[in-house]
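Whatever order the structure lists ligands and atoms in, that order sets their numbers, starting from 1. No hydrogens, no waters, no symmetry mates; every other heavy atom, side chains included, goes into these values.
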Amino acid sequence: MNNETKKKLLDEFMAKVIAKNPGEKEFHQAVMEVAESLIPFIEENPKYKQAKILERMAEAERTIIFRIPWLDDKGEIRINRGFRIEMNSAIGPYKGGMRFHPTVNLGILKFLAFEQVLKNSLTTLPMGGGKGGSDFDPKGKSDNEVMRFCQSLMTELQRHIGPDTDVPAGDIGVGGREIGFMFGQYKRLRNEFTGVLTGKGLEWGGSLIRPEATGYGAVYFCEEMLKTRGLDFKGKIVAISGSGNVAQYATEKATHLGGKVVTLSDSEGYIHDPKGIDADKLAFIMHLKNVKRGRIKEYCEKYPQATFVLGKRPWEIKCDIALPCATQNEIDGNDAKNLINNGCFCVSEGANMPSTPDAINLYIEKKILYGPGKAANAGGVATSGLEMSQNSMRLSWSSEEVEQRLHTIMVNIHKNCVKWGTEPDGFINYVKGANIGGFVKVADAMLAQGLV
Ligand code: NDP
């Protein structure tokens, strides 16, 4: 297909998506990125075109929006908005995290749910795609306030989810504490102990390695990309953004494989430690972030050789490998230019859609190794899938067994991207590979199930 025809078809398709979903710019961005890879493929495979598979995939099967009233510690009434997007159940129950962050809105959750469908398909496990959350900000709230909020949210959400229907998990602002409070309320209201949420505590149905899985998986995926050029992590300078769940375990695994992680960040700025964030320093960060719920700048009070850069992102630091692990659109075209000019040759996304379209275009133009989030961060949901299997069987696998399975899944996702994304000159376009690789399985299931 020539570029002109492709552009015409893409413009027509996107005009309809934008008209139907006004103002939801992150959703438009995610659909556009996927449609760009898929439209030529669909033209070559008319069965998908006739059945309007892509058009159907861009429309959620069900969207639930609800009120979450709760009382703060002063006895004042607070009202948040809750969402669950049940995007696609062609290959399994809806599956995807809950995000608690003040920026949460319908468009952001629809982008995440749309990505989740393809990501879950890539894992090879039987999981459909969903996503949910609330504009609730857990920062600065007491444990009791977080609990009352989670209980109010679950009082409504419980009627829409279930272990064979829709299985939520964590995401930004939702970790073990929040999953615990939501699980407790679900169990109380439904009088059943089931695997309705993943990311649970080990004592009550959680899986070993689930907390580590997204960060470890992004590093494993990166390792596979490096191997295609005869490289590995040893001695490489690694820049990481974020300092939450994904960033922490990406730091651990990258360090374990011989890389030197020199940055981490939060929404206030980034820290740069040229000596590297070793295991002791990471233990300090984990306590700071997960227990004290403090800010990343406090790292520099403990380790004065490091510097804190207020209001900036870490992409101005010289590095070989970048692992964005904070949030969407955190690497723009200028950041990508900085990274590449400073010698960065590999980007593996722990976060969802952290690179803007300008940044992605530059990675592809310069032919650096670029693993998009739907492939590179699929280790988290894959291990959630393993948690669901263990819950169904009512047994627990050892950490070695779960990590081995996670590793195998990441290697297979990489192989699938290579299969669908290798271009005639040998360059592996992982964007194309992940989009087509994820699409085919869902599309074939939709064809088999008829017009539903
Ligand atoms: P956490 O809440 O544990 O950590 C998020 C981190 O990103 C924090 O350091 C936070 O800083 C920072 N951050 C959040 N929003 C912004 C923002 N708008 N600007 C700058 N920094 C920001 O979340 P996770 O680690 O779980 O998630 C990180 C990313 O990984 C997200 O994109 C998520 O969708 C993705 N992901 C997570 C999975 C999981 O298993 N947890 C699975 C797959 C993908 P601050 O504390 O200041 O807000």
Undergrad: Within 45° of the six-membered ring axis of Phe149 and under 6.0 Å from that ring's centre, is NZ or CZ of Lys141 located there?
TA: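 Negative - Lys141 is either too far from the ring of Phe149 or too far off its axis.
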Undergrad: Cys325 heavy atoms, cut-off 4.0 Å: which ligand 1 atoms fall inside?
TA: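 Within the 4.0 Å cut-off of Cys325, ligand 1 contributes 28 (C), 29 (C).
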Undergrad: Show which atoms of ligand 1 fall inside a sub-4.0 Å distance from at least one heavy-atom site of Gly242.
TA: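 Here the atoms of ligand 1 in question are 9 (O).
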Undergrad: Will you find, in the side chains of Asn435 and Glu33, an N or O donor that is under 3.5 Å from an N or O acceptor?
TA: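 Glu33 and Asn435 do have a side-chain donor-acceptor pair below 3.5 Å.
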Undergrad: Under a 4.0 Å heavy-atom limit, does Glu212 contact ligand 1 with its side chain, its backbone, both, or neither?
TA: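 It is neither part, as no heavy atom is under 4.0 Å.
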Undergrad: Answer side chain, backbone, both or neither: which part of Ser265 comes under 4.0 Å from ligand 1, heavy atoms only.
TA: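 Backbone only; the side chain of Ser265 stays clear of ligand 1.
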Undergrad: Specify side chain, backbone, both or neither for Arg99, according to which of its non-hydrogen atoms lie closer than 4.0 Å to ligand 1.
TA: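 The side chain, only.
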Undergrad: If you have a sec, work out which protein heavy atom is nearest atom 41 (N) of ligand 1 and how many Å separate them, to one decimal?
TA: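 Going by distance alone, atom 41 (N) of ligand 1 is nearest to Asn245 OD1, 3.7 Å.
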Undergrad: Determine whether the side chain, the backbone, both or neither of Thr214 has a heavy atom under 4.0 Å from any heavy atom of ligand 1.
TA: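 The part of Thr214 near ligand 1 is the side chain, not the backbone.
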Undergrad: Check whether any heavy atom of Gly175 sits under 4.0 Å from an atom of ligand 1.
TA: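 Heavy atoms of Gly175 never come under 4.0 Å of ligand 1.
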Undergrad: For Arg99 and Leu109, indicate whether the former's side chain and the latter's backbone hold a donor-acceptor pair under 3.5 Å.
TA: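 Side chain of Arg99 to backbone of Leu109, a donor-acceptor pair under 3.5 Å: no, none is there.
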Undergrad: Looking at Glu224 and Lys227, is there a salt bridge between them, counting it only when a charged N and a carboxylate O are closer than 4.0 Å?
TA: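 So Lys227 pairs with Glu224 through a salt bridge.
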Undergrad: May I ask you to list the atoms of ligand 1 that are less than 4.0 angstrom from any heavy atom of Gly350?
TA: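 Under 4.0 Å from Gly350, ligand 1 has these atoms: 30 (O), 35 (C), 36 (N), 44 (C).
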Undergrad: Number the atoms of ligand 1 from 1 as they appear, then name those within less than 4.0 Å of a heavy atom of Arg210, with their elements.
TA: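 Those qualifying, in numeric order: 40 (O).
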Undergrad: Any chance CZ of Arg56 has more than 12 other-residue heavy atoms, nucleotides or ligands included, within less than 6.0 Å?
TA: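 Count over threshold, so yes.
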Undergrad: Under 4.0 Å, heavy atoms only, figure out whether ligand 1 is touched by the backbone of Arg295, its side chain, both or neither.
TA: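 Just the side chain.
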Undergrad: Determine, using heavy atoms of Arg313 and all atoms of ligand 1, whether some pair is separated by less than 4.0 Å.
TA: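 So Arg313 does not count as touching ligand 1.
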Undergrad: Taking atom 10 (C) of ligand 1 as the reference point, report whether a protein heavy atom occurs under 4.0 Å from it.
TA: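 Neighbour list for atom 10 (C) of ligand 1 is empty of protein heavy atoms (cut-off 4.0 Å).
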Undergrad: Below a 4.0 angstrom heavy-atom separation, can you tell me which part of Lys139, side chain or backbone, both or neither, approaches ligand 1?
TA: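 Only the side chain of Lys139 comes within reach of ligand 1.
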Undergrad: Which residue owns the protein heavy atom closest to atom 23 (O) of ligand 1, what's the atom, and how far is it?
TA: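 So the nearest neighbour among protein heavy atoms is Ile172 CA, 3.4 Å.
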Undergrad: Using a strict cut-off of 4.0 Å, indicate which atoms of ligand 1 neighbour a heavy atom of Asn377.
TA: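 Selected atoms, number and element: 43 (C), 44 (C).
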